[in-house]
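One structure is given below, encoded as structure tokens.
Residue numbers start from 1 in every chain, and the chains themselves are labelled A, B, ... in the order their sequence lines are given, proteins ahead of strands.
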Amino acid sequence: MAWVNAVIQGILTGGLYALFACGLSLMFGVMKVVNLAHGDLATVAGYVGIGVIAATHMPFLWSVPIVVLVMAGLGYVLQRTLIQAALDRGALTTLIVTFGLSMVIENGLLQFFTADERGVGVNQGIVTASFSIGSQITIAWLYVVIFVLAVVVLLGLQYYLSSTKYGRLIRAVADDREAAQLSGADYRHVFGIAAAIAFGTVALAGLSYGMTTVIDPTTGTDTILLFAFAAVVIGGLGSLWGTLAGGIILGIAQQIAAQINISDELLGGYLIFLIVLIVRPQGLIAGRSQS
Amino acid sequence: MSTVADATVRSGGDVRVTRSRRNVAWTGIGALIIVVIFALLPYIVYAGTTAILGEAFIVLTLASMWNLLAGYAGLVSVGQQAFLGLGAYFVLIPAMHGLSPFAALPIGAVCAGVAAVPLWWLVSRLRTGYFAIATWVLATAVMLFVERFQSIGGGTGMPLPGLAWSNTALLSAATYWAGLAVTVLAIGAVYFLLRSRLGLVLTAIRDDETAARSSGARVGLARMLVFVVAAIGCGAAGGVLAIQQLEVVPDTSGGVFSVVWTAEMAFAVIIGGLGTIEGPIVGTIVYMVLEQTLQSYNAWYLIILGLVAIAITLFARRGLWGLLDEKFNIRLFPVGYYLWAPGEARRWRIRSRSAGGRAKAGIGS
Amino acid sequence: MSEAVSGTREGSDGPLLDVQDLVVHHGQLRALSGISLRVFPGEVYAIIGANGAGKSTLLRTIAGLHHPTAGSIVYDGRDVTGLRPERRATAGIVMVPENRRLFPSLTVEENLKVGATYARSGPWTIDKVYDLFPWMTERRGQRAVQLSGGEQQSVAIGRALVANPRMLLLDELSLGLAPVIVQRIYGMLPQILQSGVTVLLVEQDVSQAMRVATRLQCLLEGHTTLEGKPSDVTGAQVEAAYFGAAGAVAGGQPGDGGEA
């Protein structure tokens, strides 16, 4: 029965990973930007949440929309200034800039918040509350909520991209930037919108993660970025729902590995990632076009 | 494609092609003298200074390797720490079986190079950005894998045996010389590599990959060789690091597998100048100055380093050395070619574009 | 709505588009050496020339996708030389790019909707495009890539039309299409002109260009080798201008301005 629990836990964790991953996938797909600072942005969201709660003493749930909006705004600004400047100069520059951003953010957090781990200040009761199915299966409510949140976010994204004006523009610009310009679209603005959305989802991801565990300045790169990327790769580049599938597979792989040997949890996930890299690296290979 | 300035070739004269504008013999002798001076330092300065220099040697070696990867082969790797760590561990393991760590250094370097081959196979087909993250993921996976083995320290690390010398001054001198030797070999290797045929192939790939391929250049092979050489270099640096620290600790914060090493080597190269051999040297100097002045403010030097690197890659993409080079036209390590039309006063140059650069309209960019 | 006019018109109606001495480089290669042209409202101005002559470069520069090294582009009395391409589109210069370049992951209707996002006010709507191309109505939900070349070309034209351009730029409409299809597409031109649109087109098929143009210009290696009304030039002149023969060069000095 421990195995069943593990699989269920893995599936639910997949929701969290999908939340991590969809922003990354969006920025890959639209701007062709590999944002190495992606994970750190999630951590920043966590710290902003901590800060907001500490300053205003508001309930955690109230702080979520604030943090999301702040991060989305930050995303737009960062995209229009720094990332666009880097994009104009080439892929190498973009990598260096986002990597530099990642290091600056991490060390900035380290400097101002120290390396101590922190929780986002959520009532401990929420974290451990669980329900049981039968006598052997226990499921934590929090993870169910996060999974549902992830599905809602993905549904929202799908609707947005398929049926709204800006969603269409984002897809058009992602397909062919110049042709979009010829139709009157300022692609830099559209990129900004896409980045804002990506940062918004990453904020949600960071806050959710912060609820499940403690965060520290290096969480961004240690855990989040690599999981997000693994989920995207496993699920297939360019597919939003693929990030959910990828997240679930990643989660299950990790939980199963943990059942075999508790300290192998992370390694299990990376193993799957490597296998996918060998067997099915569609979209990652030079010279092929993305969907 | 090279930027060729119009040169009027007068009939009746030969066109000469040389490796540099000035006679480089003096640069070679100069370099030799500098190396000798550095070698004599342990007799002249305190152990504290040689320790700092030892740190600089590691950064310089790593930076030279990263420069080779990113500046000449177009491979932006955020996972070089994997080879740093592997080099350290492959020095640890022989040392645990009785071999002197110093003697184990070449073993560590070579083993890191060997490990690079299957890792290259995993990531070689990936596009720039995905290559970067994949190397990062791989480095983390390597670390996790190594941490499984309690016999070599597991997650907490293991002290390096064979370094309990009674003559501590001699130990610190030997450590210093090991670092110096690795650095000199590393820079020398890069220099000779780039002057060789491989170097020509790399420059061709850098300028126009498709053209290079159709001219018969074995692009994949060239890149793999560079990846392996860089792994060897990073592995050697890792071995020296282990000797310096007297232990091998794996984790991601400050240990041998920390991504901070990549940050340091990348930023040093960017600031100093990507795509030139002199660049990493300049960058390492900047890095060490920053680190020494800010050392009481732990995280600050990385923050500033990162910000400066971002600024430089956006606004002065050829780095500090590039700025110097543009003003004064110096090449300490000549790897390009110079074309002399017979007997005219002004010098024209054939020189490849700088790393990752777009062609600037005009001559000699 | 103005009718199609022929011939040059001086006087109160100035040119809608006035290009002067345009010099354009691709890196170090000089693609256009001092090209000038004026297009008056209601005209169909054709640019012909062999591959590599610089025709598409000219059109792309007018659309804003290339920056000229020298020269000016004046549209409706306004200097737009430095204007970004999307601003030119909203000002009324809309291009149908070479190879159609529909958005592959979008449906036919979505392609049109994107074109209409920043549309100016005017007679063209998505429904009017469906009137112009009746077959499109049933195919509107299909992804653009699933259409044939000729159908894609129609959608691309439709996408440009819904933006209600004043100056429509058509880049190599006939590329990759069977002659029958090409004829049918060019057959739409009168209806487009009737709605008040002026057309500047690039065409490799000389006879097709001669059939629809009110005036034309021939480019060879970045220089203008011929300019005038189709009725005023002979086949021999066109041939000479197209392929380059002694005595055919007219206008456009090979300047030594611009960067090396």
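Note: A:Leu95 leads A:Leu95, A:Thr94, A:Leu274 in heavy-atom pairs under 4.5 Å with chain B. Of the residues considered (B:Leu138, B:Ile133, B:Val78, B:Leu305), B:Ile133 shows the highest number of contacts with chain A, using heavy-atom pairs under 4.5 Å. In terms of heavy-atom pairs under 4.5 angstrom with chain B, the leader among A:Leu101, A:Leu82, A:Leu36 is A:Leu36. Among A:Leu110, A:Thr93, A:Val33, the residue with the largest count of heavy-atom pairs under 4.5 Å with chain B is A:Thr93.
Both the backbone and the side chain of B:Thr262 come within contact range of chain A, each with at least one heavy atom under 4.5 Å from a heavy atom of that chain. With a 4.5 angstrom heavy-atom cutoff, A:Asn35 does not touch chain B via any of its atoms. For A:Ile105, no part lies near chain B; criterion is any non-hydrogen pair under 4.5 Å. The parts of B:Leu122 that come within reach of chain A are both its backbone and its side chain, each placing non-hydrogen atoms under 4.5 angstrom from that chain. Interface remark: B:Ala132 contributes side-chain atoms only to the contact with chain A (heavy atom separation under 4.5 Å). Only the side chain of A:Val34 comes within contact range of chain B, with heavy atoms under 4.5 Å apart. Both the backbone and the side chain of A:Ile278 come within contact range of chain B, judged by heavy atoms closer than 4.5 Å. Neither the backbone nor the side chain of B:Val308 comes within contact range of chain A, judged by heavy atoms closer than 4.5 Å.
Here the OG1 atom belonging to B:Thr313 is positioned 6.0 Å from the CG atom belonging to A:Leu92, to the nearest 0.5 angstrom.
Side-chain contact between A:Phe273 and A:Leu250 is absent, with no heavy atoms from C-beta onward closer than 4.5 Å. B:Arg127 is listed as a side-chain neighbour of B:Tyr130, based on a closest heavy-atom distance under 4.5 Å.
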Q) Could you go step by step and tell me if A:Phe99 and B:Phe267 meet the ring pair (Phe, Tyr, Trp, His ring centres under 6.0 Å) rule? A) CA-CA 10 Å; A:Phe99 183 62; B:Phe267 295 158; 5.8 Å; yes
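In the model, B:Tyr301 has a side-chain atom that pairs as donor or acceptor with a side-chain atom of B:Glu264 under 3.5 Å. In this structure, a donor-acceptor pair under 3.5 Å is present between the side chains of A:Tyr17 and A:Gln254. When only modelled atom types and interatomic distance are considered, A:Gln84 and A:Asp88 share a side-chain donor-acceptor pair under 3.5 Å.
Put simply, the residue from A:Phe227, A:Tyr47, A:Phe20 that forms a ring pair (Phe, Tyr, Trp, His ring centres under 6.0 Å) with A:Tyr209 is A:Phe20.
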